[in-house]
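Contents: one structure, followed by commentary.
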Amino acid sequence: MVFNEEGLRHLVAVMGASQVVYGTDIPHGWPDTVDLILESPTLSTAEKEAILGGNLVKLLKKLVQSGKLMTTKKRPNMLNYQTKTKQDT
């Protein structure tokens, strides 16, 4: 978790923007930091897009393709993803 520009800059410098995924702790009271990412002078537009959603989309596609994440056929949307357990395989 990062809450300031220096923390975000350091995280991206150490891990790379392709390894960072934006998330919230809703409904808990953590600060919303999407503006921190959008207004970051150290990130390119492509890095901002990746962090705010692109990296997560890539990760979910890989998990579905690998069979580690399955979707329901009745309602194939994000709310219906289920993680397979070792017992399921």
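Note that the structure is a prediction, hence the values are computed from the model and not measured. Along the sequence shown, residues are numbered consecutively beginning with 1.
Asn55 places a side-chain N or O within 3.5 Å of a backbone atom of Val20 that can act as its donor or acceptor partner.
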Under 3.5 Å, side-chain donor or acceptor atoms of residues 7-15 against the rest of the protein: list the pairs with distances, not counting sequence neighbours.
| from | atom 1 | to | atom 2 | distance (Å) |
| --- | --- | --- | --- | --- |
| Arg9 | NE | Glu6 | OE1 | 3.1 |
| Arg9 | NE | Glu6 | OE2 | 3.4 |
| Arg9 | NH2 | Glu6 | OE2 | 2.6 |

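For Val34, the side-chain contact (heavy atoms from CB on, under 4.5 Å) partners two or more places apart in sequence, or in a different chain, are Tyr22, Asp32, Leu38, Leu52. For Ser40, the side chain to side chain donor-acceptor pair (under 3.5 Å) partners two or more places apart in sequence, or in a different chain, are Glu5, Thr42.
Here the NZ-CG distance, from Lys62 to Leu60, works out to 11.5 Å after rounding to the nearest 0.5 Å.
Put simply, the side chain of Phe3 does not reach to within 4.5 Å of the side chain of Leu36, judged on heavy atoms. At a threshold of 4.5 Å between non-hydrogen side-chain atoms, the residues Leu43 and Ile51 count as touching.
For residues 36-53, no residue pair satisfies the salt bridge (charged side-chain N to carboxylate O under 4.0 Å, His left out) rule, not counting sequence neighbours.
Under a hydrophobic clustering in which Ile, Leu, Val, Met, Phe, Trp and Tyr are joined whenever their side-chain heavy atoms come within less than 4.5 Å, directly or via other members, Ile37 and Leu56 fall into different clusters.
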